[in-house]
Number of protein chains: 2
Amino acid sequence: MSEPTRPARRDSVRNRERLVTAAREVFAEHGIGATLDDIARQAGLGTGTAYRHFPNKHAIAAEVLREATEQIVVDADEALAVDDPWDGLVQFFERTAARQAADRGLYETLTGQGDYDEQARIWPRIVASVTELFNRAQSAGVIREDAAPQDVAAIFAMLGPAFAMSRTIDPDLWRRYLALMLDGLRPADRPPLPVGPPPAEALDAILRSSKG
Amino acid sequence: MSEPTRPARRDSVRNRERLVTAAREVFAEHGIGATLDDIARQAGLGTGTAYRHFPNKHAIAAEVLREATEQIVVDADEALAVDDPWDGLVQFFERTAARQAADRGLYETLTGQGDYDEQARIWPRIVASVTELFNRAQSAGVIREDAAPQDVAAIFAMLGPAFAMSRTIDPDLWRRYLALMLDGLRPADRPPLPVGPPPAEALDAILRSSKG
DNA sequence: GGATTAACGGAGATTTGCTCTCCGGTTATC
DNA sequence: GATAACCGGAGAGCAAATCTCCGTTAATCC
């Protein structure tokens with residue numbers, strides 16, 4: 001186990017890095033449906049090389065997506081550090097949405113398409129922070145009474161089509177529809193929402209179901 | 001061409017009807033990705049039979065989806081017949097959304113997944129009616145000034161994930177999120193939306209892009 | 001009720017697209 | 001310059017869907 005192993009060749013190390021970089025780009029642009037061959041081509045390498053560095057597509061995807069998912073936790077905690085409850089919530093929505101708009105693979109992972117359960121490990125932390133962020137805003141009276149933390153997940157799921165539109169029409173278009181939904185989330189003199197929120201236990205189902 | 005052709009056999013006629021019925025059910029439940037084999041099985045018939053009645057999957061899908069799409073035109077015109085501009089718009093949203101919540105194939109078709117251009121023929125009529133419906137409401141001051149008719153299409157696209165959630169959690173859940181977005185559409189003392197609407201010519205792109 | 005003929009059923013040929021392997025050729029390292 | 005690790009990419013192996021073929025079944029007509 002502790003054999004005096006010769007250091008990796010320099011081209012090997014360099015190629016591994018190229019592959020990870022290429023994977024980031026390819027998953028961001030084409031989603032997790034992208035092929036390892038696509039990644040190899042983007043990296044300027046052969047498929048064989050890709051498979052020597054990673055046992056399969058899942059492995060490289062997991063590596064890239066873990067990085068991206070962990071950023072969401074950071075976003076949530078930074079949002080909690082903002083004093084104004086509304087501003088904090090909005091900041092979380094905008095940063096996290098911006099990441100997903102720029103990274104199709106991240107959206108697909110967060111909405112449970114492709115079973116990369118790196119995300120399952122991180123999930124509870126995101127849920128905890130977002131719930132706190134939401135409850136703080138609702139207690140402060142800047143969110144309508146009949147909204148629930150689960151609605152945050154639903155809003156992200158619904159932003160998916162907006163991200164897709166943004167890709168083909170205007171990179172910032174999703175901001176328009178996020179703003180629209182946030183306006184709907186604020187208190188107003190309107191009838192209550194016609195259906196109760198999904199049960200909190202259904203959080204996973206909320207996201208996972210959005211694939212179809 | 002005008003040969004005295006013998007009338008079709010009764011089982012043949014009956015089977016064709018069974019296939020169309022089965023196709024409606026299967027596309028509604030599984031979307032347009034469903035297989036002709038799936039449809040044949042649902043109809044209790046063999047694949048060969050399905051392919052004798054329809055040259056390919058596209059043909060039977062087109063027939064079923066045309067019916068469903070034409071209903072949207074009816075919805076729009078009925079909504080225009082409602083006196084109150086806001087109520088009319090809401091009625092259109094609710095009826096059309098209800099159809100899509102119950103029919104996954106219809107949502108996919110309207111959002112331009114799968115190239116069933118039966119819909120392309122009907123499209124202009126839907127656009128014309130919905131634009132009128134929208135403008136009427138906006139002129140009446142019941143919709144915020146900075147909204148645009150194109151936003152209707154975007155809202156329908158964004159309901160897609162809500163329909164998916166409804167399928168697995170609560171069949172009426174989409175009504176909650178439609179209500180949320182409609183509340184966001186009403187006039188309120190809020191900053192204007194941060195990004196302009198997509199150009200009217202991009203209407204197709206708005207919907208078609210939502211597939212990914 | 002038997003002959004005729006169209007329709008049925010479903011196994012499987014074909015196509016398509018992705019995953020992953022194999023091995024001759026190349027190159028970093030010593 | 002020798003050696004061992006690495007590279008490239010053709011193609012083998014799968015999986016899933018589309019569509020065909022033809023032996024079997026049954027509706028229709030007399």
Side-chain angles (χ1 to χ4, degrees), chain A residues 3-23 26-27 29-65 104-105 108-109 113-116 211-212, chain B residues 3-23 26-27 29-65 104-105 108-109 113-116 211-212:
Chain A
E3 314 232 332
T5 162
R6 169 190 300 207
R9 266 169 60 164
R10 226 185 301 119
D11 56 345
S12 176
V13 172
R14 188 200 54 197
N15 283 343
R16 189 186 200 282
E17 268 163 26
R18 281 191 184 167
L19 282 166
V20 173
T21 301
V26 170
F27 286 134
E29 182 166 354
H30 300 292
I32 53 188
T35 294
L36 241 200
D37 287 33
D38 294 337
I39 294 171
R41 198 178 322 114
Q42 170 79 10
L45 300 169
T47 22
T49 307
Y51 278 95
R52 197 163 331 91
H53 284 284
F54 299 92
N56 51 46
K57 178 174 129 183
H58 193 280
I60 190 167
E63 172 153 344
V64 165
L65 294 171
R104 198 170 146 187
E108 291 175 356
T109 306
Q113 309 173 45
D115 42 60
Y116 297 101
K211 69 176 149 189
Chain B
E3 316 232 331
T5 162
R6 174 188 296 208
R9 263 168 61 163
R10 227 186 297 120
D11 58 344
S12 175
V13 173
R14 188 200 54 197
N15 283 343
R16 190 184 199 283
E17 268 163 27
R18 281 190 185 168
L19 282 166
V20 173
T21 301
V26 170
F27 286 134
E29 181 166 354
H30 300 292
I32 54 189
T35 294
L36 241 200
D37 288 33
D38 293 337
I39 294 170
R41 197 178 323 113
Q42 170 79 11
L45 300 169
T47 23
T49 305
Y51 277 95
R52 197 163 330 92
H53 285 284
F54 299 93
N56 51 46
K57 178 174 128 181
H58 193 280
I60 191 167
E63 172 154 343
V64 165
L65 294 171
R104 199 171 146 187
E108 291 175 356
T109 306
Q113 309 174 45
D115 42 63
Y116 297 101
K211 69 177 149 191

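Per chain, numbering begins at 1; letters A, B, ... match sequence-line order.
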**OP:** Assign A:R10 to base, sugar-phosphate, or nothing according to its heavy-atom contacts below 4.0 angstrom with the strands shown.
**Re:** sugar-phosphate

**OP:** Tell me what A:T47 touches on the nucleic acid: a base, only sugar-phosphate, or nothing, going by heavy atoms under 4.0 Å.
**Re:** base

**OP:** Go through B:H53 and B:T49 one step at a time and tell me if the side-chain contact (heavy atoms from CB on, under 4.5 Å) criterion holds.
**Re:** CA-CA 6 Å; B:H53 285 284; B:T49 305; 3.8 Å; yes

Original post:
Dot-bracket, DNA chain D: Watson-Crick or G-U, under 3.5 angstrom, [ ] crossing, | other strand?
Top reply: ||||||||||||||||||||||||||||||

Residues which pass salt bridge (Lys or Arg N to Asp or Glu O under 4.0 Å) with [X], listed by chain and number, not counting sequence neighbours:
X     : value
B:R9  : B:D11
B:R18 : none
B:R14 : none

**OP:** Test side-chain contact (heavy atoms from CB on, under 4.5 Å) on A:T109 and A:F27 and set out the steps.
**Re:** CA-CA 10 Å; A:T109 306; A:F27 286 134; over 6 Å; no

Rounded distance [0.5 Å steps], [atom1] in [X] versus [atom2] in [Y]:
X     : Y     : atom1 : atom2 : result
A:L19 : A:E63 : CG    : CD    : 10.5 Å
A:I39 : A:I60 : CD1   : CD1   : 5.0 Å
A:R52 : A:S12 : CZ    : OG    : 8.0 Å
A:L36 : A:R41 : CG    : CZ    : 11.5 Å

Original post:
Which nucleotide span of DNA chain C, 5' end to 3' end, has atoms closer than 4.0 Å to non-hydrogen atoms of chain A?
Top reply: C:dC18 to C:dT29

Subject >> Heavy-atom contact window of chain B on DNA chain D, given 5' to 3' at under 4.0 Å >> reply: D:dA17 to D:dT28

Subject >> Residue mapping more 5' on DNA chain D - nearest nucleotide basis, B:Y51 or B:D11 >> reply: B:Y51

**OP:** Let me know, please, whether B:D37 or A:R9 comes out on the 5' side of the other along DNA chain C by nearest nucleotide.
**Re:** B:D37

**OP:** Could you check B:V26 against B:T35 for side-chain contact (heavy atoms from CB on, under 4.5 Å), going step by step and ending with a plain yes or no?
**Re:** CA-CA 9 Å; B:V26 170; B:T35 294; over 6 Å; no

